[in-house]
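Have a look at the structure below, then the notes.
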Amino acid sequence: MKTNFLIVCFLIVQLAFSQEKIIHGKVTGSGNNVEGINVVNLVNEKSAVTNEAGEFRIMAKEDDLLVLSALNFEYKRKIINAEDLKSGMVVIEMIPKANQLDEVEITKYNNINAVSLGILSKPAKVYTPAERKVRTATTGLLDPLINLMSGRTKRLKQNITVEKKEMLLEKVNNLFDDTFYTQTLKINPDYIMAFKYFCIEDFKFASAVRSKNKTLATFWINELAIEYNKLQSNEKK
């Protein structure tokens, strides 16, 4: 009897994993650069990064929550539905962040230059076309090194961001128990971890947790639970 029970459990686990498949995604952004956008599946904690065409591939199943984030786009959430799994393709439109600039009036001053400002002791040398080609070729030798250092800096910033989120998630784990999520917030037990990731992306909730203000954190997490449950409900319709 015990053996039969274990077999049934094994088959259930296998069935759950078999529902996962690789989803091919494409991000659009109103003509903006869509390369390097971070895509995270908050349920299975898999992640991907978009290529220069905005494309990515990630393991997912129905009701999984994808979170997309980038410096030049608004935060985006997408719940995988049955139609997405059937087609194996999902197109996600992201909204570019608005950068409001004050009106700038430009006035030309002919007598102001690098020499008059004390930046140079004498006017800069004017190069001929041939000399510029030599300088460009020489500078090009440094490009691989500059690109390598830039890539390392970008990866370092990403690692720091991940580490900060892990520390914040640990604080959230110590703040509320699972019964609070299921009974008070009405979160599906299978998606508690996904909901936690959903919450720590919210600035107001994260600030309350960091300041150890449990009362304020409880208020914001209740608001986020309503939004999360509504989001899941809309995706299932």
Side-chain angles (χ1 to χ4, degrees), residues 20-81 83-85 87-102 143-144 146-172 191 193-210 220-221 223-224 227-228 230-232 234-235:
E20 275 195 334
K21 63 181 294 186
I22 296 178
I23 298 293
H24 177 208
K26 181 173 178 60
V27 176
T28 61
S30 301
N32 285 260
N33 181 19
V34 289
E35 182 180 7
I37 296 174
N38 294 305
V39 184
V40 179
N41 185 331
L42 295 186
V43 178
N44 63 17
E45 299 185 12
K46 301 293 183 182
S47 62
V49 179
T50 59
N51 61 19
E52 59 184 8
E55 299 174 341
F56 66 91
R57 293 179 181 274
I58 194 167
M59 289 292 295
K61 64 180 184 301
E62 188 175 356
D63 291 333
D64 277 8
L65 176 64
L66 301 186
V67 172
L68 293 86
S69 59
L71 293 176
N72 55 326
F73 287 101
E74 298 290 345
Y75 186 75
K76 184 75 175 184
R77 306 178 182 94
K78 164 66 180 174
I79 292 180
I80 299 298
N81 54 41
E83 189 63 30
D84 297 327
L85 284 179
S87 66
M89 175 72 182
V90 57
V91 178
I92 303 172
E93 182 180 359
M94 296 190 69
I95 301 174
K97 288 183 178 178
N99 294 319
Q100 185 67 38
L101 298 177
D102 294 332
D143 287 346
I146 294 173
N147 291 336
L148 177 62
M149 295 179 66
S150 176
R152 287 179 177 175
T153 301
K154 183 177 180 181
R155 287 193 296 272
L156 178 60
K157 289 181 179 179
Q158 289 176 341
N159 290 339
I160 292 174
T161 300
V162 171
E163 185 177 345
K164 287 182 178 180
K165 288 185 178 181
E166 288 177 349
M167 293 174 62
L168 184 59
L169 183 62
E170 185 177 351
K171 291 181 179 181
V172 174
Y191 297 106
M193 183 57 68
F195 176 65
K196 289 179 182 179
Y197 277 105
F198 177 86
C199 290
I200 64 175
E201 294 292 342
D202 184 85
F203 175 77
K204 291 174 289 190
F205 174 75
S207 298
V209 173
R210 290 192 181 97
W220 288 123
I221 201 172
E223 295 293 313
L224 290 168
E227 180 183 350
Y228 183 81
K230 184 178 180 181
L231 183 63
Q232 281 202 319
N234 290 340
E235 288 286 345

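Excluded from the calculations below are hydrogen atoms, water molecules and symmetry mates; all remaining heavy atoms, backbone and side chain alike, are included.
- The backbone N or O of Asn81 lies less than 3.5 Å from a partner atom in the side chain of Asp84, making a donor-acceptor pair.
- The heavy-atom pair separating Ala60 from Leu85 by the smallest distance is O-CD2, 3.8 Å.
- Counting heavy atoms from C-beta on, the side chains of Val40 and Tyr197 never come closer than 4.5 Å.
- For the pair Lys26 (side chain) and Ala53 (backbone), a donor-acceptor distance under 3.5 Å is present.
- Counting heavy atoms from C-beta outward, Met59 and Asn41 have side chains that stay 4.5 Å or more apart.
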List the steps, then state whether side-chain contact (heavy atoms from CB on, under 4.5 Å) holds for Met193 with Leu169. CA-CA 9 Å; Met193 183 57 68; Leu169 183 62; 4.1 Å; yes
Could you walk me through whether Glu93 and Lys76 pass the salt bridge (Lys or Arg N to Asp or Glu O under 4.0 Å) test, one step at a time? CA-CA 9 Å; Glu93 182 180 359; Lys76 184 75 175 184; over 6 Å; no
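- Here the side chains of Arg77 and Tyr228 are not in contact, with every heavy-atom distance at 4.5 Å or above.
- Rounded to the nearest 0.5 Å, atoms CZ (Arg57) and CG (Asn51) are 10.0 Å apart.
- Val49 and Gly36 make their closest contact through CG1-CA, 3.5 Å (heavy atoms, listed as atom of the first residue, atom of the second, distance).
- With a 4.5 Å cut-off on side-chain heavy atoms, Ile23 and Lys21 count as touching.
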Could you check Met94 against Asn32 for side-chain contact (heavy atoms from CB on, under 4.5 Å), going step by step and ending with a plain yes or no? CA-CA 10 Å; Met94 296 190 69; Asn32 285 260; over 6 Å; no
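- Taking CZ of Phe73 as the reference point, atom CD1 of Ile37 lies at 4.5 Å (rounded to 0.5 Å).
- The line from CG of Leu68 to OG1 of Thr50 is 8.0 Å long, rounded to the nearest 0.5 Å.
- Rounding to the nearest 0.5 Å gives a distance of 9.5 Å between CD of Glu227 and CZ of Phe195.
- In this structure, NZ in Lys204 is found 8.0 Å from CD in Glu223, a value given to the nearest 0.5 Å.
- The two residues Pro96 and Gly29 have their closest heavy-atom pair at CG-O, 3.7 Å.
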Step-by-step salt bridge (Lys or Arg N to Asp or Glu O under 4.0 Å) determination, Glu20 to Lys46: CA-CA 12 Å; Glu20 275 195 334; Lys46 301 293 183 182; over 6 Å; no
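- A distance of 13.0 Å separates NZ of Lys196 from CG of Leu42, quoted to the nearest 0.5 Å.
- Residues Trp220 and Ala208 approach most closely at CD1-CB, 4.4 Å, considering heavy atoms.
- Thr28 has its side chain out of reach of Val34: every pair of non-hydrogen atoms, C-beta onward, lies at least 4.5 Å apart.
- When the options Asn44, Asp64, Val39 are evaluated for a side chain to side chain contact (heavy atoms under 4.5 Å, CB included) with Ile58, the one that passes is Val39.
- Side-chain contact check for Ile80 versus Glu62: every heavy-atom pair is 4.5 Å or farther apart.
- At a threshold of 4.5 Å between non-hydrogen side-chain atoms, the residues Phe205 and Ile221 count as touching.
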